[in-house]
Amino acid sequence: MTQNKFGTAIITLKDILSYKFLIPTYQRPYVWDDEQIKSLLDDFHLSFTSNANENYYIGTIITKEESTSNQIELVDGQQRFTTLWLIAYCFKKLNVSTRLTEFLKVGDQMKLSFEIRNEVENYLYYLLNNSSEHIENVYPDVNRQEFVKHIAKAVSTIESYLRVIDEQAGFGDFIFENVHLVKNNTPDNVDLNKIFTTINSSGIQLEQTDIIKSKLLNHLGDEKVLYSKLWEVCENMFSYFEKNVRDSFGGELTKKLDLTSWVAFRRDIFYAHAENREEQAQGLTISDIINNTSIALTTTEETDQKDNLKSDEIYCRSLISFPQLLIHTYRIHLAKESKADFEGTFHANRIIEIFDPLINSNKEEIKRFLELLWDVRQVFDLYIIKWVVDLSTKQESLELVNFNKNSNDYYSKTNYAVDDLHQLQSMLYFTGDYLRQYWLTPYLHFLLENKTQYDKAKALLRLEEIDNELSLTKDKNKNTSFSQLSQDIDYHVDYELYLYQSHGVRFQHYWFQKLEYILWKNWKDREDEKFKRYRISSKNSVEHLNPQTPKPGAMKLKEELLNAFGNLVLLSVTQNSEYSNKYIHVKQAEFNSKNNYDTLKSKLFFDELDDNGDFENLISIHGKQMIENIKKHYNDVRNKKSKNLINPDML
């Protein structure tokens, strides 16, 4: 009998052990980067540590399968599915005893196969069946091979992540048994390529935030249109605040405002512009929409302004999504209302549940929240780094953006020079949980309290204090960040003891990145061209400066020194593969020949390295100096606070 409906089932990885998966021709290559992989692992790990018996839903895959075969064609979901396979492989590589590694093969055959791109399948085969040294010999230049370079980087990212977590075996079993997927099997006799194309070019779907918006606005009666426009301004995180205001309220209003600094939400001013835009929008016919006659919505002044707009307005990307911004705003709102933080995990997937008390509150509280959202989105745009695309190179970089308004009411944007705030925010972003970024709740609260008198020095000191408190409490995340809205936090963790221990590649990456910020802030030769180009960036691979396997005849370091903080640096996957297991003086020469510094810690280490070969003494002295720099930073921040350089009421 011919199947003409989708068959849907909720599955775990252990449910599909007997099936092989084919990646069809029309699927794009694997392209997930550090951010996407770490976000997925962060989510898994938060669920695991919160409740190891709780199910976690990763999303939907679409498949095509035959009843007479154990091979399933993966129509959609390849990126996530390949990532799951790579996670299982990394557990195997680290010799962790977990059932997750059963997911790698079906009998003697690979779990994944590819209709094209044999080089990908061959690379996965080599990963699974050969030692690391053998793979490096066969693939010496993997980062330049288009179809496998992202897989190689993913392996390094996942491996580094797993090395620093506790209960590795339990975590692997959690992924194997508790991570669920919704598997939709396609009907018979359908064009799979067409389905794939339709899925990946479909319009915007209804989001949970749309449901929240509808439920909140239902309380507002005649003011529904006004606050709907406010919501529209805040929700587009891929554009700048001032452009969103213009798009939602019109050019006449933005001409009256100066959005280069904070602007209060004035109902009397905004109401008429919101109603006018709504009337214009309601005047569109289906024919207008089909023929894209959106120009009917613009005034003459807006049309003139559009002619002057530069394309760089839209080339930005937020650190967080709109649902995440909503949750940070809601937490600040709860604090302002003298209420406790919401219960449970900070996760965008449960945002309707999180917002349920507000949805069921009264009209005035909802309006207070929405007006707070307006304020939060403004200070977020003005004072938080964002991903900005250089139109000439098409490269993304994290920037603090400066807004200017000229005599023609056009807003131009330039990137601020890299400074302490830029580097500290970058460090917090790259070392934090990508899906939560807990530091933003207390920092946005501080910015709101100072929105009419922003002071960069005070902002830096407050952010340093937030970072220090989060790093030195047992609960580094949700509870601490909410407490920071109203009180000082006591330090509990002995970071000096931790840093003087020999953790090797299991060292928490945070401490390397924090050190980079401290070194950058206190760097003496600020005219050094390499220093000027240096930025804190995503790094996920701990490298031994003095190699784990020395060249023949060279002295082998004691284990505690080999794996000490002084002998380690945090590098990107590409940087780590460049150095590999090379002799230390070869690494020094290659480092000095580069146009930039891989890390500032490396620079200081190699500057002290000479030809006498007393590596043990160098490692000990360097490690102690670096830890002393970190210790001094904590003391300096605490002393500045105690001297009332910041009003304690603001903290």
Side-chain angles (χ1 to χ4, degrees), residues 32-51 54 56-59 157 161 164-165 171 174 179 207-209 212 234-235 237 317-335 340-355 358 373 376-377 379-380 383-387 398 424-448 463 466-485 489 508-510 513-514 538 540:
W32 269 24
D33 58 19
D34 289 351
E35 186 174 340
Q36 291 163 299
I37 294 167
K38 189 172 180 293
S39 295
L40 184 67
L41 287 167
D42 281 340
D43 250 10
F44 287 172
H45 195 248
L46 179 65
S47 297
F48 170 64
T49 54
S50 300
N51 184 356
E54 184 178 83
Y56 179 86
Y57 292 86
I58 193 177
T157 297
Y161 187 99
V164 299
I165 67 169
F171 184 42
F174 172 83
V179 169
E207 301 284 350
Q208 290 193 53
T209 54
I212 293 172
C234 298
E235 71 180 335
M237 305 293 284
R317 177 168 65 91
S318 170
L319 297 185
I320 58 174
S321 66
F322 180 57
Q324 292 163 350
L325 185 76
L326 281 175
I327 296 175
H328 284 293
T329 304
Y330 184 48
R331 302 182 79 206
I332 297 170
H333 169 80
L334 290 172
D341 195 8
F342 64 85
E343 295 184 358
T345 57
F346 183 126
H347 199 302
N349 286 351
R350 57 183 298 264
I351 192 170
I352 294 177
E353 176 189 350
I354 291 170
F355 270 77
L358 182 64
L373 177 62
V376 168
R377 179 59 209 269
V379 298
F380 186 86
Y383 307 122
I384 303 297
I385 55 175
K386 56 178 61 63
W387 288 104
L398 284 173
L424 180 55
Q425 288 187 35
S426 297
M427 184 274 286
L428 287 166
Y429 173 66
F430 288 124
T431 59
D433 184 326
Y434 280 131
L435 294 176
R436 280 153 276 271
Q437 299 293 333
Y438 290 109
W439 61 276
L440 280 171
T441 300
Y443 188 54
L444 287 170
H445 176 258
F446 169 83
L447 293 173
L448 290 171
L463 189 55
I466 290 168
D467 170 42
N468 286 359
E469 290 175 347
L470 285 172
S471 71
L472 295 183
T473 52
K474 291 182 180 179
D475 169 20
K476 297 180 180 180
N477 303 317
K478 183 170 177 284
N479 293 343
T480 300
S481 63
F482 190 78
S483 298
Q484 287 176 316
L485 300 179
I489 306 298
Q508 294 174 8
H509 297 176
Y510 168 82
Q513 294 280 45
K514 185 184 186 81
S538 177
N540 292 296

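The model shown is predicted, which means the values in this text are computed figures rather than measured ones. What's counted below: heavy atoms across the whole structure, side chains too, no hydrogens, waters or symmetry copies.
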Residues in side-chain hydrogen bond (donor to acceptor under 3.5 Å, both in side chains) with [X], at least two apart?
X    : result
D33  : none
H333 : E365
E353 : R350
D433 : R436

I'd like to check the ring pair (Phe, Tyr, Trp, His ring centres under 6.0 Å) partners of [X]; sequence neighbours left out, ordered by chain and number.
X    : result
F346 : H328, Y438
Y510 : none
F342 : none

Closest non-hydrogen atom pair, [X] against [Y]:
X    : Y    : value
L334 : A340 : CD1-O, 3.5 Å
L319 : I385 : CG-O, 3.4 Å
M237 : I320 : CE-O, 3.8 Å
T345 : S50  : CG2-OG, 3.6 Å
L470 : N477 : CD2-O, 4.1 Å

Return the [atom1] to [atom2] distance between [X] and [Y], rounded to the nearest 0.5 Å.
X    : Y    : atom1 : atom2 : value
D43  : Y434 : CG    : OH    : 14.0 Å
K514 : L428 : NZ    : CG    : 8.0 Å
I384 : L463 : CD1   : CG    : 7.5 Å
N540 : Q513 : CG    : CD    : 8.5 Å
L444 : T329 : CG    : OG1   : 7.0 Å
I466 : H445 : CD1   : NE2   : 10.0 Å

Y56 ring center within less than 6.0 Å of F44 ring center: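 Ring centres of Y56 and F44 closer than 6.0 Å.
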Would you find a donor on one side and an acceptor on the other, under 3.5 Å apart, between the side chain of [X] and the backbone of [Y]?
X    : Y    : result
S481 : K478 : yes
E469 : T480 : no
Q425 : L398 : no
Q508 : V164 : no

Exercise: do Q324 and Q437 side chains pair donor with acceptor under 3.5 Å: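 No donor-acceptor contact under 3.5 Å links the two side chains.
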Is there side-chain contact between L40 and I58, with heavy atoms separated by less than 4.5 Å?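 Side chain of L40 against side chain of I58, heavy atoms only: contact under 4.5 Å found.
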For the residue pair D467 and W439, establish whether any side-chain heavy-atom pair is separated by less than 4.5 Å.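 A side-chain contact is absent here, since even the closest heavy-atom pair is not under 4.5 Å.
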Mind checking what makes side-chain contact (heavy atoms from CB on, under 4.5 Å) contact with A335, not counting sequence neighbours?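 Per chain and number, A335 pairs via side-chain contact (heavy atoms from CB on, under 4.5 Å) with F482, L485.
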Contacts of I165 that satisfy side-chain contact (heavy atoms from CB on, under 4.5 Å) - sequence neighbours left out: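 Expected list: H45, Y161, L162, Q168, F171.
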Pair listing, salt bridge (charged side-chain N to carboxylate O under 4.0 Å, His left out) test, anchored in residues 324-335, at least two apart: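 Non-adjacent pairs meeting salt bridge (charged side-chain N to carboxylate O under 4.0 Å, His left out): R331-D341.
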Can you name the residues that form a salt bridge (Lys or Arg N to Asp or Glu O under 4.0 Å) with K38, not counting sequence neighbours?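 For K38, the residues satisfying salt bridge (Lys or Arg N to Asp or Glu O under 4.0 Å) (neighbours in sequence not counted) are D42.
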Audit row: W387, Y429, side-chain contact (heavy atoms from CB on, under 4.5 Å) steps and yes/no: CA-CA 12 Å; W387 288 104; Y429 173 66; 3.5 Å; yes
